[in-house]
Structures are given as structure tokens and as C-alpha cells.
2 protein chains.
Amino acid sequence: MLVKEIQEQKHEDPRITRTRGMLTAALSELMREKSFNAITVREIAERATLNRVTFYAHFQDKFALLEYAARQMIRQQIEAQLPNGAYSDENLRRLVLLVCNFVSDIDQYCPPPHGQLEPLMEKKIKTELYDVMLHWLPTSKKTSASREQAAMMSAWALYGAAKQWSQDKAQKPAEDFVRQVVPLIKANLQPFVETNGGQTAKRAHGGGSSSGRFVSLLRLQHVYR
Amino acid sequence: MLVKEIQEQKHEDPRITRTRGMLTAALSELMREKSFNAITVREIAERATLNRVTFYAHFQDKFALLEYAARQMIRQQIEAQLPNGAYSDENLRRLVLLVCNFVSDIDQYCPPPHGQLEPLMEKKIKTELYDVMLHWLPTSKKTSASREQAAMMSAWALYGAAKQWSQDKAQKPAEDFVRQVVPLIKANLQPFVETNGGQTAKRAHGGGSSSGRFVSLLRLQHVYR
DNA sequence: CGACATTTGTAGTTTAAGCAACGCTCAAAG
DNA sequence: CTTTGAGCGTTGCTTAAACTACAAATGTCG
């Protein structure tokens, strides 16, 4: 039976969580080795030590998995890097850096051709960014109509900037780029958000560059611990 | 039903392989964090994202798991480090080094008290060493009676040496120690084995020290790939 | 000592994952 | 052109793993 449709909300059974985690991990491994187009369902299942049929019990096809995987990866990164959901200058800085690394990793490590890959990833990333930023903006102030718009604009702007930076050959250090972009994004959020100067947070443990991005997903199953 | 007893030989179902792999991985993770005594079955199962009941479907208790895990770890190391099963001076050298690192890791990283841990590990290691060395010795030459004896003596000697080296405070570099021990072991095997001077093998990819020993088990499930 | 919490094993039932096998499409090789 | 093979998507049946729940053992503290 179609497991997915029945539950959809509650991931009750740990087997489901685990299986999806392994599929995501397998896909991200493979995406470093070959073009997404060239990856088959059989390969994914094999790499995940799962039966091919099990794959279809969870996802319609490899694109559905990619969507799911992308969302998980982004969320996992966001959750790991941003100490709390609230806005702070520091969190904005981290978010920009995170997106930069993410986009850059895709460009660097995923062998072309990126047929449907790029637009799909782009959409997912922007969706998540929108979500985060919407949470940053309080409902109370101003006309609540433009709240969504501000979040949307900021999300697109951020992604666009990161994309451009990633493709730029003369890539300046990410840190520099971030310092340059943050104020521009902040301008979009300005009217809504209290400009608390950053809460002198301690270093995020994840640290510098894009280190364990995909690989980190292998541990994703442990969330329910 | 008792899965284990029915199969015992053929690990047909990948779920079995995977589950045991995850349990081993979980145990080796935990053994770095706390004393083996202090580890509970519940913890192991949780860390492995498995139900506690599933644990008991595979192992009687945590000691049974430890035995299984130890064997797997050692075999995995041996298989990874020794290019082929046959004897060569180079393989002997690697085997000694391997045992040194293994024993040393246990002493270093596994928090005491080592109640039943040490003798159990010792037994398992020696058993595997005996197996390897027995394969090295041809059946044909001399009286085949003493073949087993030679293997046994060599295994014990090797383990003893490694253990002593590991506990020695003024630990000399492993490489030096290996060079010192190899001839002594070789003397035991001498009568049986052709002294081929080492086949100028390329570096083992595993490389230097005890790097990914326990952690490497996380990938153990992929064997059947 | 007794009360309380945790761990340990062991049922019975439900559910997800494995497997073999099928028909389908499509593209490369004969 | 036909044949072969690879991948896709689906089906029915089997089996391993999840869940609930319980009884016994083992701590652990006042």
C-alpha cells in the first residue's frame, strides 16, 4: 500500500524515517559521483541497501526523492547553524553564509548536466528561506499584507546573490561576500525587525566552509532520539 | 521467532545485515563515550534507531553483541588492510601494525572499568589471528599436526606483544615496534612458509594510524552491495 | 527496610520492507 | 527490422521489525 499517502503528517514508524534518511543519503552520495540524470532508481536503492520496490513505496520517482532530500538537507543545515528561530543580525549573517555554501556545493560537486536539478533545488531553497524569514517578521507591525512580500523579496534576493557569487570565477572569500550582502538584505527587512546588534553568539559548531553538507545527512535518522 | 538460529549461515535478508550493522555501529559509538558496563540495551537500540525488542531478536544480551561486533570489526580491518589472503612479509608487517592499533585503540578510547570487556576482546582477536595465520601455512609441508600449533603460538605471541606495547607508557612509534616484532613472529612461521621478501606492494589505502576504526563500521552494511 | 524508578526479558499484534515475477517502454546491437 | 537488454512501475506473498504491554530483576534513595 501507499505508505506515504496514509501518514503524510505523522512519521510515526521509525522505519519510515530511517528509510527515507537512507534514500536521501544514497542520493546525495551518488550526486557527487555522477549527473542526476544518469542516476537510476535501482542505483539509489542499492546504495541505500534497500529494495527497489521500497523506494516506490515512498517516492513516485527520483525527482520526488530529490525534492524531499533537498528540503531535508536545507532544513537540517538551517537548524544546525541558526541557534534559535528568532531574528538577529548574527543569524542573518549565518543564513547568507549557509546559502552561499549550499549553492556553491551544488555547482562544484554535482556533475553536470543539471537538467531539472537546478530549478528544482532553487525552488526548494527559496521556499525554505521564505519560511525562515517569514518567521522573523512579526505579524503585528504595519500592514500585514506586505509582510509576506518582504520575506519573499528577501529570499529571492538572497538566493540570487548567492548564485551569482557561486558562479563568479574570481570568487572572493565567502566571509567578505557575506559582509557585503547582509546590509542589502537587511534593508528589505528593516521596517519590520528590531535592529538588535547581534547577540554576541558563540561560534556555531558546524564551523567554516561547507564541510559535512551531504554526508551529514547520514545521521539524519537520529532526530527522533 | 528467533531469526538468528534459523539462518546462522546465510544472511539472506538485507534487513538482518543492516540491523546488526547498525547495532554494532551504535555499540562502538557508545563505547567511546562510556564504560561498557554502563551501557544499557535500551541505549544501544535507541542509538541504532531500532526498537529494543529488535535487539533481543538478534542477540541475547549486550555481551553477545559485543562478541559479534568485535569479530566484524577485526575482520573488516583485516580484509581492508591485507590485499590478499596469502602470506607475504608485507602482509605480516601489516597484520602486526593492525593489531597494535586495534589494541591501542581499545586501551585509549574505551573508558574503564573494562570488566568483561578485555578478556572478551582478547579472545576474539586471537581467534581471528589464528584463522589468518592458519591460512598462511600450507597443509603439505612437514607434519601437518604442528601446523595448528605454529599458528596458535604466533597468534598469542603477536597479541601479547601488541598488548604490552599498548600499555607501555614510553610507547615507541608503532612502525619501530613492528620492525622489531616481525622477525620474532616470522621465526615461528619460518619452517612452513616460503620467505618471499615482500612483493613490493603499493600502500594500503587505509593509511597510517588507527583512523576510522570504529566509525568505519557505519559503512559495514554496504558489504552486500 | 520499603517505596520507587530503571532495566531486563518476553508475549501478541500490526506494519513496513524484502523478494520474485510480471508487462511495459525504449534504445542499442545484431 | 528484430532482438536483446536495461530501466521502470506494479502486484501478491513472506518476513523482519515496530508497537504495546507485562512480569521479573535490579538498582537507588530516604
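Being a predicted model, the structure only gives us computed values, none of them experimental. Chain A is the first sequence line, chain B the second, and so forth, proteins listed ahead of strands; every chain is numbered from 1.
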[X] has an atom [atom1]; how far is it from atom [atom2] of [N], in whole Å?
X	N	atom1	atom2	result
A:Q60	D:dG9	CD	C1'	10 Å
A:D13	D:dA16	CG	P	17 Å
A:F55	D:dC8	CZ	P	9 Å
B:E46	D:dA17	CD	C1'	17 Å
B:K62	C:dT6	NZ	C1'	14 Å
A:I44	D:dG9	CD1	P	11 Å
A:L50	C:dC19	CG	P	10 Å
A:L23	C:dA17	CG	C1'	11 Å

A:Y56 side chain, from C-beta outward: closest of C:dT15, C:dA11, D:dC8: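 Among C:dT15, C:dA11, D:dC8, the one nearest the side chain of A:Y56 is D:dC8.
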Among C:dT15, D:dA16, D:dT10, the one nearest B:I16 by side-chain distance: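 Nearest to the side chain of B:I16 among the choices is D:dA16.
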Mutual orientation of the aromatic rings belonging to B:Y87 and B:W136 [parallel < 30°, tilted 30-60°, perpendicular > 60°]: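 B:Y87 and B:W136: perpendicular rings.
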Position toward the 5' end of DNA chain D (nearest nucleotide), A:R52 or A:R15: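 Per heavy-atom nearest nucleotide, the more 5' residue is A:R52.
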5' precedence on DNA chain D between A:T40 and B:T54 (nearest-nucleotide basis):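 Nearest-nucleotide comparison on DNA chain D picks A:T40.
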B:K126 charged N/C atom sitting above B:W156 aromatic ring, 6.0 Å / 45°: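 Satisfied, under 6.0 Å and within 45°.
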Any side-chain heavy-atom pair of B:H114 and B:F36 under 4.5 Å: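 Counting from C-beta outward, B:H114 and B:F36 never come under 4.5 Å.
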B:Q167 atom CD, neighbour heavy-atom count above 12 within 6.0 Å: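 Result for CD/B:Q167: enclosed.
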Reckon [X] has a side-chain N or O less than 4.0 Å from the OP1 or OP2 of [N]?
X	N	answer
A:N51	C:dA17	no
A:H58	C:dA17	yes
B:T19	D:dA16	no

B:R42 (side chain) and C:dT6 (base): donor-acceptor pair under 3.5 Å: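 By the distance-only test, no, there is no pair.
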Donor-acceptor under 3.5 Å (B:R71 side chain, B:K124 main chain):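 Such a contact is absent between B:R71 side chain and B:K124 backbone.
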